[in-house]
Visitor: 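First the structure, which I've put down as C-alpha cells, then a few questions once you've had a look.
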Number of protein chains: 2
Amino acid sequence: MNMPVAQTRSAKARRTALETASRLFYHQGAHAVGMEAIVAESGIAKTTIYRHFPTKDDLIAAFLEEENRDFWSQWDAAVAQGRTPEGELASLCRWIGDKVDTEGYRGCPQINMAAEFADRQHPARIVARRHKKEMLERLVEICRRCNASTPEIAAHQIALLFDGAFSSDGRLEGLQAGSVLADAVTRLVEP
Amino acid sequence: MNMPVAQTRSAKARRTALETASRLFYHQGAHAVGMEAIVAESGIAKTTIYRHFPTKDDLIAAFLEEENRDFWSQWDAAVAQGRTPEGELASLCRWIGDKVDTEGYRGCPQINMAAEFADRQHPARIVARRHKKEMLERLVEICRRCNASTPEIAAHQIALLFDGAFSSDGRLEGLQAGSVLADAVTRLVEP
DNA sequence: GCCTAACGATACCGATCGGTATCGTTAGGA
DNA sequence: TCCTAACGATACCGATCGGTATCGTTAGGC
C-alpha cells in the first residue's frame with residue numbers, strides 16, 4: 001500500500017474522538033460541552049483531536065454529517081420493509097415512533113443544533129438544511145407513488161408531522177407515537 | 001400607597017433588562033449571549049439585572065415565561081376570530097403560518113431552549129414542558145367540540161404539526177405555510 | 001427638602017472557554 | 001531494524017464566562 005503511515009491508528013483516533021464528541025454534543029448540547037470534556041471522556045489527546053478537526057465547529061459539523069448518514073441508512077431500512085408506497089410511509093412512522101420513544105432520546109440532532117447556532121452560515125446549519133431538504137424530497141417521491149392528489153403538499157405536511165415528532169419535548173403521552181403518526185399520514189395522503 | 005419606594009423606576013429597569021435579554025436569547029441562543037452583552041445592549045447595570053434575576057438561568061426562565069404569556073394572548077386572539085371550532089383551528093393555522101413566515105423568525109423559543117438545556121429540571125425546561133402541555137390540552141378541547149372521532153389523537157396530531165411548523169428550520173417552501181397547515185388540520189379532524 | 005431604596009459604574013473574582021506550542025513516546029511500513 | 005508520522009501529555013495562551021463587592025449617584029414618597 002502507498003497509503004500514509006499509521007493510517008489505521010490515525011483513523012481509529014479520529015473515529016473515537018468523533019464518536020465521543022457526538023455522544024456528548026447530543027446529550028448535553030454543543031455549547032455545554034467543552035473540548036476538555038471530550039478529551040477526558042474519549043482518552044484522545046486534545047492535540048490529536050485538533051489535528052483531525054481544525055475547530056470545534058468542524059467537529060460539530062462532522063457530528064451532524066455522521067448523524068445524517070446514520071439517519072438515511074435507517075430510513076432506507078424502514079422503507080425497504082414496505083411493499084407499497086403507503087406501506088413505506090407506515091413503516092417510517094413505526095420507525096420514528098420507536099425512535100422518539102427510546103430512553104435518552106433528546107430530539108433531532110439537526111434541529112437541536114439549528115436551535116443552538118443562530119448563524120445560518122454555520123457549518124452545522126448548512127448540514128441541517130441539506131438534511132431537511134432531502135427528507136422533503138424523499139417524501140415527495142413517496143407521495144407521488146401514493147397517487148396523492150397534491151404530493152408536494154402532502155409531503156410537506158408529513159415533513160411537519162415528522163419534525164414535530166422529532167422535536168416534541170414532552171413525551172407526556174400515553175399514546176403510541178408510531179400509530180398516531182401512521183393514522184395522521186394515512187389521512188394526509190388520501191385523495 | 002405603601003408600595004416600596006421607586007416602584008416604577010425599579011419595574012422599568014427590570015422590564016428593559018428582560019426585554020433586551022429576551023431579544024438576544026431568542027435571536028442568538030441563550031448560551032451564545034453573555035451577561036455583559038445584555039448590559040451593553042440594554043443600558044441596565046449588571047448589578048441591577050442580578051438584583052432582579054438572581055442567576056442567568058432565572059433570566060432565561062423569565063424570558064420563556066413572558067414568551068408563554070404572549071403566545072397564549074395571541075392564540076386567544078386567533079381563536080376569537082373563529083365562529084366554529086373548525087374555524088378556530090383554521091384561524092390558528094393562519095396565525096402560525098404568518099408567524100413562521102415572519103422575517104427573523106427562528107423557531108419556537110420553548111423548543112429552542114429545550115434543545116439548549118439538557119437538564120430536564122432546568123427552570124427553562126419546566127416552563128417549556130408546561131407550555132407544550134397546555135397547547136395539547138387546548139387542542140383537545142377544540143377537537144372535542146369539532147366532534148372528532150378521537151379528539152385526543154387528533155389533538156396530538158395537530159400538536160405535532162404545529163411543533164413541526166414551529167421548529168422547521170428550512171423555510172425553503174414556495175408554499176403558504178398557513179394553508180398547508182389548514183388543509184392538514186381539516187383532514188385530521190374529519191371523522 | 002430630606003431620607004432611603006434602587007439605580008449605574010467599575011473593578012474584580014476564580015473558572016472555563018477554544019486553541020496552540022513543545023516535546024517525549026509509540027506504532028507500523030520499508 | 002530503523003525511520004518517521006502520528007500519537008499522548010503538559011503547560012500555557014488571551015478571552016470570556018457567570019457572578020460579586022464597593023461605592024458614588026439619582027429619583028420619588030413623606
Side-chain angles (χ1 to χ4, degrees), chain A residues 1-22 24-25 28-64 113 116-119 121-124, chain B residues 1-22 24-25 28-64 113 116-119 121-124:
Chain A
M1 296 293 183
N2 59 353
M3 294 300 291
V5 168
Q7 213 274 352
T8 57
R9 192 167 56 131
S10 171
K12 189 170 182 176
R14 190 195 136 100
R15 187 164 42 83
T16 302
L18 181 52
E19 279 172 359
T20 304
S22 298
L24 297 181
F25 286 157
Q28 301 176 216
H31 274 124
V33 175
M35 295 300 292
E36 307 274 10
I38 299 173
V39 171
E41 190 77 13
S42 68
I44 307 296
K46 198 194 270 196
T47 350
T48 304
I49 299 180
Y50 274 98
R51 211 171 280 128
H52 286 287
F53 307 94
T55 70
K56 187 188 182 186
D57 286 346
D58 290 312
L59 188 52
I60 295 168
F63 154 51
L64 287 194
M113 293 300 113
E116 282 205 62
F117 297 97
D119 177 11
Q121 299 313 312
H122 189 287
Chain B
M1 296 293 183
N2 57 356
M3 294 299 292
V5 168
Q7 214 274 352
T8 57
R9 193 168 56 132
S10 172
K12 189 171 182 176
R14 189 194 135 100
R15 187 163 42 81
T16 302
L18 181 52
E19 279 172 0
T20 304
S22 298
L24 297 180
F25 286 158
Q28 300 176 215
H31 273 124
V33 175
M35 295 301 292
E36 308 273 10
I38 299 172
V39 170
E41 189 78 14
S42 67
I44 306 297
K46 198 194 270 196
T47 353
T48 304
I49 298 179
Y50 274 99
R51 211 171 280 125
H52 287 289
F53 308 94
T55 69
K56 186 188 182 186
D57 286 345
D58 290 312
L59 187 53
I60 295 168
F63 154 51
L64 286 194
M113 293 300 114
E116 281 206 62
F117 297 98
D119 177 11
Q121 300 311 313
H122 189 287

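All values below come from the heavy atoms of this structure, side chains included, with hydrogens, waters and symmetry mates left out. In what follows, chains are A, B, ... by sequence order, proteins preceding strands, each numbered from 1.
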Visitor: Check the distance between D/dC17's P and A/M35's CE and give it to me in whole angstrom.
Guide: 19 Å

Visitor: According to a strict under-4.0 Å criterion, is B/S10 in side-chain N/O contact with OP1 or OP2 of C/dC7?
Guide: yes

Visitor: Can a donor-acceptor pair under 3.5 Å be found between the side-chain atoms of B/K46 and the base atoms of D/dG19?
Guide: yes

Visitor: If you measure from CG on A/D57 to CZ on A/F117, what distance do you get to the nearest 0.5 Å?
Guide: 6.0 Å

Visitor: Toward the 5' end of DNA chain D, which comes first, A/R14 or B/H31, by nearest nucleotide?
Guide: A/R14

Visitor: Rounded to the nearest 0.5 Å, what separates atom CG in A/L24 from atom CD in A/E19?
Guide: 12.0 Å

Visitor: Identify, between A/A37 and A/P54, the residue whose nearest nucleotide on DNA chain C lies closer to the 5' end.
Guide: A/A37

Visitor: Pick base, sugar-phosphate or nothing for B/V33, based on heavy-atom distances below 4.0 Å to the nucleic acid.
Guide: sugar-phosphate

Visitor: Roughly how many Å is it from CD1 in A/I60 to C1' in C/dG18, rounded to a whole number?
Guide: 11 Å

Visitor: Between A/R51 and D/dC7, is there a contact of a side-chain N or O with OP1 or OP2 at under 4.0 Å?
Guide: yes

Visitor: Whole angstrom is fine here: how far is it from CD1 in A/I49 over to C1' in C/dT20?
Guide: 14 Å

Visitor: Which nucleotide sits closest to the side chain of A/Y50: C/dA9, C/dG18, D/dG8?
Guide: C/dG18

Visitor: Tell me what A/T47 touches on the nucleic acid: a base, only sugar-phosphate, or nothing, going by heavy atoms under 4.0 Å.
Guide: base

Visitor: From A/L18 CG over to A/H52 NE2, what is the distance, rounded to the nearest 0.5 angstrom?
Guide: 10.5 Å

Visitor: Please report the interatomic distance CD1(B/I44) to CZ(B/R15), rounded to the nearest 0.5 Å.
Guide: 10.0 Å

Visitor: Looking at B/A30, is its backbone amide N or carbonyl O close enough to the side chain of B/E116 to form a donor-acceptor pair, meaning the two atoms are under 3.5 Å apart?
Guide: yes

Visitor: Are the side chains of B/F25 and B/I38 in touch, meaning some heavy atoms are under 4.5 Å apart?
Guide: yes

Visitor: Please state how far atom CD in B/E36 lies from atom P in C/dA9, giving the value in whole angstrom units.
Guide: 13 Å

Visitor: Give DNA chain D the dot-bracket treatment, 5' to 3': Watson-Crick (N1-N3 with N6-O4 or O6-N4) or G-U (N1-O2, O6-N3) under 3.5 Å, [ ] crossing, | other strand.
Guide: ||||||||||||||||||||||||||||||

Visitor: Could you state the atom-to-atom distance from CD1 of A/I44 to C1' of C/dT26 in whole Å?
Guide: 14 Å

Visitor: State, with a plain yes or no, whether a side-chain heavy atom of B/I49 is found less than 4.5 Å away from one of B/L59.
Guide: yes

Visitor: With a 4.0 Å cutoff (strictly under), does any side-chain N or O of B/T48 reach OP1 or OP2 of C/dG8?
Guide: yes

Visitor: D/dC7, OP1 or OP2 - any side-chain N/O from A/H52 closer than 4.0 Å?
Guide: yes

Visitor: In whole angstrom, what separates A/K12's NZ from D/dC7's P?
Guide: 13 Å

